[in-house]
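To start, the structure under review is shown below, and the notes come after it.
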Amino acid sequence: MTALTARVTEPAPPPPPDARTPKGRGIELTLLAGAVLISVLGHLYVGLADTGHLPRPGGRYAGGLAAAALLAHLAVRFRASYADPLLLPIAVLLNGLGLVLIQRLDLATPGESGAGDQLRWSALGVVLFVLVVAGLRDHRALQKYAYLSVAAALALMLVPVLFPAVNGAHIWIRFAGLSFQPGEFAKILLAVFFAAYLAANRTALALTGRRIFWKLRLLPGRVLGPILAIWLLSVGVLVLERDLGTSLLFFGLFVIMLFTATGRIGWIAIGLVLAALGAYAVGTLEPHVHGRVDDWLNPFASIERGEGPGQLAQSLFSFAAGGLLGAGLGHGQSFLIGFAAKSDFVLATAGEELGLVGLTAILLLYGLLVSRGFRAGLALRDPFGRLLATGLASIIALQVFVIAGGVTGLIPLTGMAMPFLAQGGSSVVTNWIIVALLVRLSDNARRPRPAESAGEGAG
Amino acid sequence: MIRYIRWCAWFCALLLLALLVNVARVQVWEAAAYGANPANKRPAVQRYAEPRGEILVDGKPVTGSRDSGQLLRYERTYADGPLYAPVTGFSSQTYGTSFVERAEDAVLSGTDPGLSAFPLWYELSRGRPGGGNAVTTLRAAVQRAAYRGLGGKRGAVAAVEPATGRILALVSSPSYDPGLLSGTGAKVKAAWRRLNADPAKPMLNRALRETYPPGSTFKIVTAAAALDSGVVTDVDAPTETPDPYPLPGTSTLLPNAGTGCQDASMAEAVQFSCNTVMAKIGVRVGLRRMAEAADRFGFNDDGLRVPSWVSRSNFDTDMSPDQLALSSIGQFNTKATPLQMAMVAAAVANGGEIKTPYLVDRTTRGDGSQVRRTDQRTLGRAMSPATALRMQELMVKVVENGTGRNAAIKDAQVGGKTGTAQHGVGNAGTPYAWFISWARAKGAPQPAVAVAVVVEDASAVRGDISGNGAAAPIARAVMEAALSTR
């Protein structure tokens, strides 16, 4: 921290990408074929486990998935030819596995079919992926829309307050039979805003302010204002919409990006203190959140009261039933979780039917996706791009941690969608846009230097 | 900034590690505890996911399974519930299992490792073989004859094949339909409450789990003990017994129900059921030898499994002579299950050797191939072969020209013994009517069936007549069925 000045103003030239680096499109196509194959086999296996013969729409399913993957691949091949070859296959595989798990849970809930809708949303997600990859030639174009983004994000988050609460949370908009969560889209917009704001103000944030204790500095109101506003926003989301997960995500995202921009541990400290205060206040005062904390501390309390196992207890039973190798697709009883088995608790089905082995593989896939995001951030040369890549990767990482940690009893449970895996249209679409942005960022990062001038200013 | 991005990446890696460690904790280290939590429905869901194996009588299933469409999918059904209830017991999703349903649960529910030729394969694939079947030793015609004979009156019948120990009939009356308890829900709970509150105790398996004073039927044990111990060497010799007989050491006089017992021989005493003579003989045999004889017949043994456990039949081992006198005629603290008394008849019929009674002949896989077979075992020797031969002659006389004429069967040799057991405070209760017997078809080398019948609420006529009147006709019907379906 003594070399703070030097570090913040560093020109930060990344090592020039090797001009002979293979573009990796062939690798991507091969991996995509594997991802489609695994998903189709999963689909067939679920059909076999249920009825004893192969599902009839199996061919259509395979064709649709392969077509979507091919379309996305072509968009990348022609419009982002230097992009990281791992991003798209991981997204396709996770989305395909999600469809398999939802299809499997549909069998246990004859009244509610979710796989069809999820498939349509996934198709829409792929279309948006193609549009973003093809339409956005340079990520730096987004920098110009920072304040428009934050305004749109605020609007999106405030709208659901006007709609009736669903399951205790004001996060849904129901319109013409469709329901979606605007907060999902707000994540991207906020990441864009944070990246732009911090790229512009990071010097001021890192250096100004009176030093109050050791390395902690008090910031001038001009810089601190927006930060406090974000904190209030997070708490507002929590109080008005009772959405602990999104609140936690926004706040975590902001702290991470702030730290990345300024490198000041002080921000982490302030963030943690504010988070702790907010969490304590809400955890004590808000009954909905308070109940979640109680569940986490003692998941079997409802059993001891004679009311049967609660959702978290059922989720833990589900994971435990999977053991090391899992019961096999279609052979578990994760539907006992009941409500939200296909969305928030979809990971329990993966845990029960694919076992610790399968679950670890899925979590490692997320880890790989996140690491490729960070890698793009490391290779990029502009602060906005770096911050945006870091932010998007962190969104995925935090989201996975919050919901996976929640359903396995590591942290209090908060409603949040497992990226790509969980049922939920807005979530799937948003995740496809995130992956599209990461593809764009990694393309710019890996594009050989000579091509840089040509690509600049485009989009 | 590069450095801070790396830090963030490491932070995310740390979160991932925390997730992985936690998942391993839940799925491996704590998995068994979660699996064993009583609120976890998975074991039950899995248990009822496939139709349960069947219980077979005469090669035909007397059970079935019904797809309830519920979470616990298959419910037990019973083709002839009340008839076979003392054998099958119930298999309830709410109240567990009983009798053969319990004893052979591992095979019926499909968890028995013997059901698969490759148990390890099922362990790996987490699949389960279908449930296996339990083949009983029952014979439907014999069982039905016994059930019809009791006709809803409180009582029980146990019939065994003396040479093998196979149980041919096991009836308890009044009975109940175990199918009422199969599922879950309010109706099942109401049925359970109603059956348990019923004063007639329909769920009590009287043949195996109720002990009654055996009354005069116990005189077979006393007579065999007297012959084996040499106390009586000539069954036709007068015993110089007064009528009534003063119980030793007391002024209480023990009467007889009929006349002609004064100074009767042991043969006459058995034939006409003389309390006085048999009480005196019991006292002469002595406590130690009487208790040993009773033990040899299977009394005082609480380890009998058929494969369901059987209540302990009792003969006291610490008594005064007057108590021994009463015990020797099946009163005082002497108590026996109907199955125990069938074993007494079977011991006589089988030359003194008691075969261990058993109800499940073998268990099979779904395709009929055998999983396990119950070995025929010898429980012990109750009396010497010579004594058994004498006892056979005495018991035949009871039926031919004694108190048990109602049990006579044309073209068959029948040996029997009536009994009427006083019970209740001051012997005020309606006496239990007993009949134990065995039958050999003409020309057959050995008796094919031994049976014990007890009727709790026989007609109020006292004396040995009630054993002959109420119980002997049932025994005859059972023996006829056993001989004709041979």
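Order of the sequence lines fixes the chain letters, A, B, ..., with proteins taken first and strands second; residue numbering starts at 1 for each chain.
- Contact of A:I303 with chain B is made through the side chain alone, with heavy-atom distances under 4.5 Å.
- In this structure, CZ in A:F317 is found 4.5 Å from CG in B:N40, a value given to the nearest 0.5 Å.
- Note that OH of B:Y34 is 11.0 Å distant from CZ of A:F319, once rounded to the nearest 0.5 Å.
- The part of A:T390 that comes within reach of chain B is its side chain, from C-beta onward, which places non-hydrogen atoms under 4.5 angstrom from that chain.
- For chain B, the nearby part of A:L359 is the side chain; its heavy atoms alone come within less than 4.5 Å.
- Here B:L19 is the residue among B:L19, B:L16, B:V26 with the most heavy-atom pairs under 4.5 Å with chain A.
- Listed for the B:Q27 side chain is no donor-acceptor partner under 3.5 Å among the backbone atoms of A:A320.
- One finds the CZ atom of B:R3 at 13.5 Å from the CG atom of A:L378 (value rounded to the nearest 0.5 Å).
- For B:R6, the CZ atom is loosely surrounded, since the number of other residues' heavy atoms within 6.0 Å does not exceed 12.
- B:A13 does not touch chain A: none of its heavy atoms, backbone or side chain, sits under 4.5 Å away.
- For chain B, the nearby parts of A:L410 are the backbone and the side chain; heavy atoms of each come within less than 4.5 Å.
- Top candidate by heavy-atom pairs under 4.5 Å with chain B, chosen from A:G332, A:G355, A:A313, is A:G355.
- Under the 3.5 Å distance criterion, the side-chain polar atoms of B:R42 are matched with a main-chain donor or acceptor of A:Q333.
- In this structure, the side chains of A:V400 and B:L15 stay at 4.5 Å or more apart for every pair of heavy atoms.
- For A:R375, the CZ atom counts as loosely surrounded, since its 6.0 Å shell holds 12 or fewer non-hydrogen atoms of other residues, nucleotides or ligands.
- Ring centers of A:F401 and B:F11: at least 6.0 Å apart, outside the cut-off.
- Residues B:R25 and A:G409 come closest through the heavy atom pair NH2-O, 4.2 Å.
- A donor-acceptor pair is defined here as one N or O able to donate and one able to accept, closer than 3.5 Å; such a pair exists between the side chain of B:N22 and the backbone of A:T408.
- Side-chain contact check for A:F300 versus B:N37: some heavy-atom pair is nearer than 4.5 Å.
- B:C8 and A:T260 get closest at one heavy-atom pair: SG-OG1, 3.3 Å.
- With a 4.5 angstrom heavy-atom cutoff, B:V23 touches chain A via backbone and side-chain atoms both.
- Top candidate by heavy-atom pairs under 4.5 Å with chain B, chosen from A:I411, A:V370, A:L398, A:L316, is A:L316.
- The greatest number of non-hydrogen atom pairs below 4.5 Å with chain B, out of A:P309, A:G367, A:S371, is found for A:P309.
- Highest contact tally toward chain B, considering only A:I256, A:L364, A:L336, is held by A:L336 [criterion: heavy-atom pairs under 4.5 Å].
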